[in-house]
Amino acid sequence: MSILVFDSGVGGLSILRELRLSLPGAALIYVADDAGFPYGDWEEAKLVDRIERLFAQLIAEHRPQLCIIACNTASTIAIEPLRQRFGSTPFVGTVPAIKPAAERTSSGLISVLATPGTVNRAYTRDLVSRFASHRHVTMVGAPDLALMAEAYMTGGTVDLNALRTQIAPCFVKKGTDRTDIIVLGCTHYPFLANQMRKIAPWPVDWLNPAEAIAHRAKSVATGIGADQTDTQSDTQSDRVIFTSGAPGAKLVQLARSFGLSQI
């Protein structure tokens with residue numbers, strides 16, 4: 001089956017990695033909207049319009065059997081308009097894993113680390129109201145973390161002091177209780193998880209939704225009767241599209257390291 005994986009940049013590669021385990025026979029097309037990155041700088045209505053226009057072109061050209069929005073921002077604002085416009089194509093979105101965090105916490109204190117836009121959207125607040133109203137949830141909008149992750153993924157170094165500033169509000173104490181789960185609300189963030197563990201004031205569970213999204217994709221694929229037994233030929237690799245049409249050498253190198261050939 002053919003699956004299109006869409007993200008604002010390269011953070012969605014964390015989900016692509018899990019998709020290969022859940023759906024090993026799928027042909028994956030990864031779309032990085034590097035021309036629009038970062039999405040946090042966009043006005044919401046204009047960003048929804050951009051994403052819809054991109055998908056109109058992508059679906060017409062590549063005819064995917066399943067689309068995965070590997071981006072929290074795009075999912076929270078655009079997945080319903082996309083489902084309405086492209087009703088014959090199933091979409092799987094990526095949203096902060098607030099429900100499993102609320103179920104797993106021992107201390108009752110969880111934090112959601114995301115972009116400011118994702119933190120402030122009604123969609124995210126509704127998830128907290130529906131699934132974690134009985135927990136103490138700290139919402140942390142990190143303005144620079146996605147950019148830091150993208151730079152790190154393409155060979156840059158991480159300023160640990162700057163990283164510490166971004167994540168510090170996630171660590172909360174209430175009496176003898178402390179935050180024990182931090183929800184990674186952006187697909188870029190898992191690539192910084194090891195660095196965040198190093199500087200965390202105490203150990204926490206960094207909740208990465210990639211595995212759950214991949215499992216959901218497999219369930220949807222089964223539901224639509226997509227053939228998961230077919231495997232790609234030895235000469236066919238998963239592919240990548242950069243919306244700029246002219247990605248930098250580091251982005252191209254990163255994509256190749258994930259086994260992606262540029263369209």
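Fair warning: this is a prediction, and the values are worked out from it, not measured in the lab. Below, each value reflects all heavy atoms present in this structure, side chains not excepted, and no hydrogens, waters or symmetry copies.
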- Heavy-atom side-chain proximity of Val10 to Leu251 below 4.5 angstrom: yes
- Message: With clusters defined by side-chain heavy atoms of hydrophobic residues (ILVMFWY) lying less than 4.5 Å apart, directly or transitively, does Val92 cluster with Tyr123?
- Response: no
- Who passes side-chain contact (heavy atoms from CB on, under 4.5 Å) against Phe131, sequence neighbours left out? Lys99, Leu127
- Residues in side-chain contact (heavy atoms from CB on, under 4.5 Å) contact with Ala168, at least two apart in sequence or another chain: none
- Summary of salt bridge (charged side-chain N to carboxylate O under 4.0 Å, His left out) pairs that have at least one residue in residues 101-129, sequence neighbours excluded: Glu44-Arg121, Asp126-Arg130
- Item | Phe37 side chain reached by Leu147 side chain, heavy atoms, under 4.5 Å | yes
- Task: Give, for atom CD of Glu211 and atom CZ of Arg17, the distance between the pair rounded to the nearest 0.5 Å.
- Result: 11.5 Å
- Message: For the CG atom of Leu54 and the CD atom of Glu52, what is their distance to the nearest 0.5 Å?
- Response: 10.5 Å
- So, Ser22 side chain and Leu19 main chain: donor-acceptor pair closer than 3.5 Å or not? no
- Message: Using side-chain heavy atoms (C-beta onward) and a distance below 4.5 Å, is Ile3 in contact with Leu23?
- Response: yes
- How long is the span from the CG atom in Leu145 to the CG atom in Leu163, to the nearest 0.5 Å? 6.0 Å
- Starting at OG1 of Thr124, measure out to CD1 of Ile98 and round the result to the nearest 0.5 Å. 6.0 Å
- Query: So, Thr94 side chain and Asn72 main chain: donor-acceptor pair closer than 3.5 Å or not?
  - Reply: no
- Message: So, using ring-ring contact (aromatic ring centres under 6.0 Å, His included) as the criterion, who are the partners of Tyr30 when residues are at least two apart?
- Response: none
- Apply side chain to side chain contact (heavy atoms under 4.5 Å, CB included) to the pair Asp7 and Ile69, showing each step before the final yes or no. CA-CA 6 Å; Asp7 187 31; Ile69 310 299; over 6 Å; no
- Query: For His136, which residues count as a side-chain contact (heavy atoms from CB on, under 4.5 Å) partner, sequence neighbours excluded?
  - Reply: Leu109, Thr138, Val172, Lys174
- Side chains of Leu184 and Leu207: closer than 4.5 Å at any heavy-atom pair? no
- Mind checking whether Met153 and Tyr189 sit in one hydrophobic cluster, side chains of I, L, V, M, F, W, Y counted as touching below 4.5 Å? no
- Message: More than 12 heavy atoms of other residues, nucleotides or ligands under 6.0 Å from CZ of Arg216: yes or no?
- Response: no
- Any sub-3.5 Å donor-acceptor pair from Gln65's side-chain atoms to Ser2's backbone N or O? yes
- Message: I need the minimum non-hydrogen distance between Gly11 and Glu150, along with the two atoms involved.
- Response: N-OE1, 4.5 Å
- Task: Could you list the residues that satisfy ring-ring contact (aromatic ring centres under 6.0 Å, His included) with Phe91, not counting sequence neighbours?
- Result: Phe55
- Measure the spacing between CD1 of Ile241 and CG of Leu58 and express it to the nearest 0.5 Å. 5.5 Å
- Message: Could you report the tightest heavy-atom contact between Val137 and Ala132, atom names first, then the distance?
- Response: CG2-CB, 3.8 Å
- Task: List in chain and number order the residues that pass ring-ring contact (aromatic ring centres under 6.0 Å, His included) with Phe191, two or more places apart in sequence or in another chain; answer none if no residue qualifies.
- Result: none
- Task: Output every pair passing side-chain hydrogen bond (donor to acceptor under 3.5 Å, both in side chains) with a member in residues 176-185, not counting sequence neighbours, ordered by first then second residue.
- Result: Thr105-Asp180, Ser107-Asp180
- Item | Criterion side chain to side chain contact (heavy atoms under 4.5 Å, CB included) on Gln195 and Leu160, from CA distance to verdict | CA-CA 8 Å; Gln195 283 69 32; Leu160 293 182; 4.3 Å; yes
- Evaluate the criterion side chain to side chain contact (heavy atoms under 4.5 Å, CB included) for residue pair Leu47 and Glu43; output intermediate values, then yes/no. CA-CA 6 Å; Leu47 182 56; Glu43 189 272 323; over 6 Å; no
- Message: Treating Trp206 as the side-chain partner and Asn194 as the backbone partner, does any N or O pair qualify as donor plus acceptor under 3.5 Å?
- Response: no
- Message: Once side-chain hydrogen bond (donor to acceptor under 3.5 Å, both in side chains) is applied, what residue pairs with a partner in residues 108-117 remain, sequence neighbours excluded?
- Response: Thr115-Thr118
- Closest non-hydrogen atom pair, Ser129 against Ser133: O-CB, 3.5 Å
- Residue pair Ala102 / Ile110: nearest heavy atoms and the distance that separates them: N-CD1, 4.1 Å
- May I have all residue pairs that pass side-chain hydrogen bond (donor to acceptor under 3.5 Å, both in side chains) and include part of residues 242-263, sequence neighbours excluded? Asp33-Thr243, Asp34-Thr243, Asp34-Ser244, Ser237-Ser261
- Check: Ile51 and Leu82 side chains under 4.5 Å, non-hydrogen atoms: yes
- Message: For the SG atom of Cys67 and the CZ atom of Phe6, what is their distance to the nearest 0.5 Å?
- Response: 10.0 Å
- So, Glu80 and Arg83, do they make that salt bridge, N to O below 4.0 Å? yes
- Could you tell me which non-hydrogen atom of Val252 sits nearest to which non-hydrogen atom of Pro247, and how far apart they are? CG2-CG, 3.6 Å
- With sequence neighbours left out, the residues meeting ring-ring contact (aromatic ring centres under 6.0 Å, His included) with Tyr152 are none
- Item | Pairwise side-chain contact, Ile77 with Tyr39, heavy-atom cut-off 4.5 Å (strictly under) | no
- Taking it one step at a time, do Leu4 and Val31 satisfy side chain to side chain contact (heavy atoms under 4.5 Å, CB included)? CA-CA 7 Å; Leu4 192 149; Val31 180; 3.9 Å; yes
- Item | Ser8 side chain near His188 side chain, heavy-atom distance below 4.5 Å | yes
- Heavy-atom pair of closest approach, residues Cys170 and Ile182: CB-CD1, 3.6 Å
- Item | Partners passing side-chain contact (heavy atoms from CB on, under 4.5 Å) against Asp144 (at least two apart in sequence or in another chain) | Met148, Gln166
- Side-chain donor or acceptor of Asn120 paired with backbone N/O of Pro116 under 3.5 Å: yes
- Do Ile29 and Pro64 have side-chain heavy atoms sitting under 4.5 Å apart? no
